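Taking it in order: structure first as structure tokens, then the write-up.
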Amino acid sequence: MPFEVLPLDFYGCSTQTVARELLGKLLVRTLSRRRLIGRIVETEAYLAKGDTACHAARGRTKSNAAMFGPPGRAYVYPIHSRHCFNIVTEADGVGTAVLIRAVEPIEGIDLMQEHRDRDRRLELTRGPGRLCQAFAIDRHFDHWNLTKGRQLWLADDGTQFDEKDAGISTRIGVTSGRELPLRFFLRDCPYVSGPQRLKQ
DNA sequence: AAAACGATCTACT
DNA sequence: GTAGATCGTTTTG
């Protein structure tokens, strides 16, 4: 499968645009001479303004510093004994990112299953915490430059989806006034969280 | 120093 | 569908 590493300028535009454009892109991880690949099927945008759920909303701290870095870096955050993998967007210092919520496993599935305690269900890579477990992504990737690293990067194999394949949903639990269309997902993909979790 | 919280997940029914 | 586990980070006293 031929593919190219995503260039840095891919991440520099608006967070929602990056979140939408990331659908179909490949998440690539190499470890112990093996390669894991997943196709991104669900993302979520976290904005600098009007988004109280965004970790950057209450200012910069030691633990969210990566989010304020230049676009194309990883921001990895631990929660509930697992990790969430984000990609920094927009300009250096802004504090926005896209959370990768689900991928479809493409290559190295047996190793992903080992990381997930032999999980052979759809849940192998469905959900931000589970996909990090499957790909062995943890905080040591915080601040990681995703275009230069040999262990973790994103790639494009030319796969595109049109509007009828890609859905947009408001985020559950946004507390600031109106709800915003921040969640992007591929319709009819079993690795996307169930439709009951995606409020239209 | 203690308490509260959460960008989650599992194990139930 | 939802109660409960779980733990690093942040907030509060």
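The chains referred to below are lettered A, B, ... by the order of the sequence lines, with proteins before strands, and numbering in each begins at 1. All of these numbers come straight from a predicted model, not from anything done at the bench.
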Rounded off to whole Å, could you give me the CZ-to-P distance for the A/R58 and B/dC5 pair? 13 Å
Between the protein and nucleotides 11-13 of chain B, list every N/O to N/O distance that falls short of 3.5 Å.
none

Closest non-hydrogen atoms of A/A134 and A/T125, given as atom of the first, atom of the second and distance, are CB-CG2, 3.9 Å
Protein-nucleotide distance (A/L131, atom CG; B/dT8, atom P), rounded to Å: 12 Å
Is A/R34 paired with A/E107 through a side-chain N to carboxylate O contact shorter than 4.0 Å? no
How close do A/A136 and A/L31 get, counting heavy atoms only, and between which atoms? CB-CD1, 4.2 Å
Stem segments of DNA chain B by first residue number [Watson-Crick or G-U, under 3.5 Å, at least 3]: B:1-6 with C:7-12, B:8-12 with C:1-5
Table of protein N/O atoms under 3.5 Å from nucleotides 3-8 of chain C N/O atoms:
residue: C/dT6; atom: O3'; partner: A/S81; partner atom: OG; Å: 3.3

Taking A/E123 first and then A/R130, would you say they form a salt bridge - that is, a charged N and a carboxylate O separated by under 4.0 Å? no
Rounded to the nearest angstrom, tell me the gap between atom CD in A/Q133 and atom C1' in B/dT10. 12 Å
From the list C/dT9, B/dA7, B/dT10, which nucleotide is the closest neighbour of the side chain of A/S63? C/dT9
Determine: side-chain N/O of A/R130 to OP1/OP2 of B/dT10, distance under 4.0 Å, yes or no. yes
Please say which of A/T170, A/L47, A/T43 ends up in a side-chain contact (heavy atoms from CB on, under 4.5 Å) with A/L182. A/L47
Which heavy atom in A/V41 sits nearest to a heavy atom in A/V192, and how many Å separate them? O-CG2, 3.4 Å
Tell me: NE2 of A/H55 to C1' of B/dG6, nearest whole Å? 7 Å
May I have the distance from A/I87 (atom CD1) to B/dA7 (atom C1'), rounded to whole angstrom? 14 Å
If you look at every heavy atom in A/R126 and A/Y191, which pair is closest and at what distance? CG-O, 3.1 Å
Using 30° and 60° as the class boundaries, would you call the ring planes of A/Y77 and A/H55 parallel, tilted or perpendicular? tilted
Sort out for me which residue in A/D142, A/L146, A/T147 forms a side-chain contact (heavy atoms from CB on, under 4.5 Å) with A/W144. A/L146
Between C1' on C/dT9 and CZ on A/R82, what's the gap in Å once rounded to a whole number? 19 Å
Between B/dT8 atom P and A/D138 atom CG, what is the distance in whole Å? 18 Å
Just checking, is any N or O donor in the side chain of A/R39 or A/T159 under 3.5 Å from an acceptor N or O on the other one? yes
More than 12 heavy atoms from other groups under 6.0 Å of CG on A/D110: yes
Would you indicate what A/Y75 reaches in the nucleic acid, counting non-hydrogen atoms under 4.0 angstrom: base, sugar-phosphate, or nothing? base
